[in-house]
Amino acid sequence: METKLIKIRPDCPEFDREEEDGLRRAGDVIRRGGLVAFPTETVYGLGGDALNPRSSRRIYQAKGRPSDNPLIIHICRLEDLYGIVSRVPEAALKIAGMFWPGPLTMILPKAPGVPPETTGGLDTVAVRFPSHPVARKLIEYSGGYVAAPSANLSGKPSPTLARYVVEDMAGRIDMIVDGGEVGIGLESTILDLTVEPPRILRPGYVTQEMLDSVLGRTDIDATIIDPDSRQIPKAPGMKYRHYAPAGRMVIVEGEPGQVAAYINRQAEADRKAGEKTGIIGTTETLELYCADVVKCVGSRENQADIARRLFAVLREFDDEKVTSIYSESFSGRGLGQAIMNRLLKAAGNRLVKL
Ligand code: AMP
Ligand code: MG
């Protein structure tokens, strides 16, 4: 299959005629059952018609994703929520008022019209109203309901640039809309509103602190914060290995000098054993490290920067064929919770505490 590529200028407040036409054609592709990758404020999504079971099956196929891992339905108007959800609790409206459009997904009871293929057979549905102008326009032209997981092959880090979508999806989908680098870089926060108190199933840019300030209290799925937890994850996708680079990754937690000494020692031993070694450091610690490839993920002073760079750094290690990766750990507070969650998954939960 030939994959068409169209470009939209990033950060441009208005679309020109050519861009508008391109997005209309992309919308037609989705309406006819095809698949289009597009930028959102979190990561690139792989979109298909959420109300067409064949489109959902094609999404699973293109990603190589297990079909019990449900999809998030993206809308472009708040009122469209009522078309796919059977009951909208007051808390959902409060959350929508504060965080929509934006990087937050709500789990709500499903309306009968949503095909089971889209929800992995569940009687709940995940809904998000993104803020990215390209995503919103495309959803509108697609008919209003776009199922869109991240536009990567299953198990790989989510794409934050169109180049990575091309790498994974060229030849497998109909079209890619290149809108430049995404702003946030981590997938949306997922909040389950079918339980009391509401429960965070995946941490993201909207933090637990922010949600608590609106709802009073939220729970967090134990499997997110404790890698040793034996609890069965509530979001089906959480049981799968995710966001992983090709190399074996280990996270090291402790006082910065000790962490650097430990990582350098391990990396040196790995190098002697024939591995190509990589280290993820920060502006504050970069000078301490020694390996084949040392990458800076950002400054510890700026968590948003680290979130935006993280998946690109993981992919760069793949590009450079690094086989053994070590990373510093990050605080579990605020956005740090989402960063640590993705890092732990990328590392298959290999965490060394010094
Ligand atoms: P992705 O599309 O890769 O961003 O992943 C979507 C995530 O949303 C997966 O981890 C799913 O398990 C989760 N999800 C989607 N729908 C539901 C649902 N109805 N209940 C719980 N989790 C869901
Ligand atoms: Mg994903």
Side-chain angles (χ1 to χ4, degrees), residues 35 37-48 50 55-56 58-75 81 84-87 92 103-112 114-128 130 132 135 145-160 164-165 168-169 182 184-195 198-206 219-221 223-224 231-245 310-311 314-315 338 341-342 344-346:
L35 303 186
F38 61 97
T40 79
E41 68 275 24
T42 57
V43 298
Y44 273 79
L46 173 56
S55 298
S56 293
R58 283 196 61 197
I59 290 177
Y60 290 112
Q61 222 171 34
K63 282 182 61 90
R65 175 174 172 135
S67 60
D68 65 346
N69 188 353
L71 306 175
I72 295 173
I73 301 185
H74 293 66
I75 58 176
L81 180 60
I84 48 175
V85 161
S86 63
R87 192 175 54 82
L104 178 107
T105 297
M106 288 193 252
I107 307 292
L108 293 163
K110 170 181 112 62
V114 181
E117 283 80 356
T118 303
T119 61
L122 299 174
D123 54 9
T124 53
V125 61
V127 193
R128 182 161 100 84
H132 196 295
Y145 296 108
V146 173
S150 49
N152 51 283
L153 287 173
S154 191
K156 294 241 265 166
S158 300
T160 51
Y164 297 131
V165 181
D168 282 14
M169 291 295 157
V182 301
I184 291 175
L186 299 180
E187 305 83 351
S188 59
T189 306
I190 300 181
L191 181 67
D192 185 354
L193 284 149
T194 65
V195 293
R199 169 168 293 199
I200 297 167
L201 302 184
R202 176 170 76 187
Y205 189 80
V206 176
D219 267 351
I220 185 147
D221 196 284
T223 56
I224 289 169
Q231 187 181 316
I232 295 164
K234 169 79 195 291
M238 290 158 54
K239 71 181 179 224
Y240 297 109
R241 191 172 130 100
H242 248 100
Y243 323 116
L310 181 63
F311 285 143
L314 296 180
R315 289 218 174 222
N341 168 257
R342 304 313 191 273
L344 280 167
K345 290 208 161 193

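Counting begins at 1 with the first residue of the sequence. Counting convention: from 1, in listed order, for ligands and their atoms alike. Computation of the quantities below employed the complete heavy-atom set of this structure, encompassing side-chain atoms and omitting hydrogens, waters and symmetry-equivalent molecules.
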Point to revise | Part of L201 within contact of ligand 1 (heavy atoms, under 4.0 Å) | key: side chain
Exercise for review: Write down the atom of I59, the atom of A147, and the distance for their closest heavy-atom approach.
Suggested key: CD1-O, 3.5 Å
**Study point:** NZ/NE/NH1/NH2 to OD/OE distance under 4.0 Å, R202 and D192
**Key:** no
Review point. When you measure from atom 14 (N) of ligand 1 to each heavy atom in G45, A148, P70, A151, which option holds the nearest one?
Key: P70
Exercise for review: Under the side chain to side chain donor-acceptor pair (under 3.5 Å) rule, what do S188 and T105 come out as? Steps first, then yes or no, please.
Suggested key: CA-CA 6 Å; S188 59; T105 297; 2.8 Å; yes
Exercise for review: Any atoms of ligand 1 less than 4.0 Å from a non-hydrogen atom of I190? List them with their elements.
Suggested key: 7 (C), 8 (O), 13 (C)
Check your understanding: Between S56 and T118, do the side chains contain an N or O donor and an N or O acceptor separated by less than 3.5 Å?
Key -> yes
**Study point:** side-chain contact (heavy atoms from CB on, under 4.5 Å), paired with N152, selected from D168, L46, V165
**Key:** D168
Exercise for review: Pick one of side chain, backbone, both or neither for how K110 approaches ligand 1, counting any non-hydrogen atom pair under 4.0 Å.
Suggested key: neither
Review point. With a cut-off of 4.0 Å, which atoms of ligand 1 are near a heavy atom of N69?
Key: 9 (C), 10 (O), 11 (C), 12 (O)
Practice item. Pick one of side chain, backbone, both or neither for how I72 approaches ligand 1, counting any non-hydrogen atom pair under 4.0 Å. Key: side chain
Exercise for review: From the options A126, S188, S150, A147, select the one whose nearest heavy atom is closest to atom 16 (N) of ligand 1.
Suggested key: A126
Review point. Which residues satisfy the side chain to side chain donor-acceptor pair (under 3.5 Å) test with R342, sequence neighbours excluded?
Key: E187
Point to revise | ligand 1-proximal atoms of T124, by part, heavy-atom distance under 4.0 Å | key: both
Review point. Nearest non-hydrogen atom to atom 23 (C) of ligand 1 belongs to which of D221, I107, D123, I73?
Key: I107
Check your understanding: At a 4.0 Å threshold, what atoms of ligand 1 neighbour a non-hydrogen atom of L122?
Key -> 18 (C), 19 (N), 20 (N)
Point to revise | Residues E41 and R128 bridged, charged N to O under 4.0 Å | key: yes
Study note, to complete from the structure: Quick look: R65 vs ligand 1, heavy-atom contacts under 4.0 Å, and the answer is side chain
Point to revise | Residue S150, metal the Mg ion (ligand 2), N/O/S under 2.8 Å | key: yes
Review point. About how many Å separate CG of L186 and OG1 of T42, when rounded to the nearest 0.5 Å?
Key: 9.0 Å
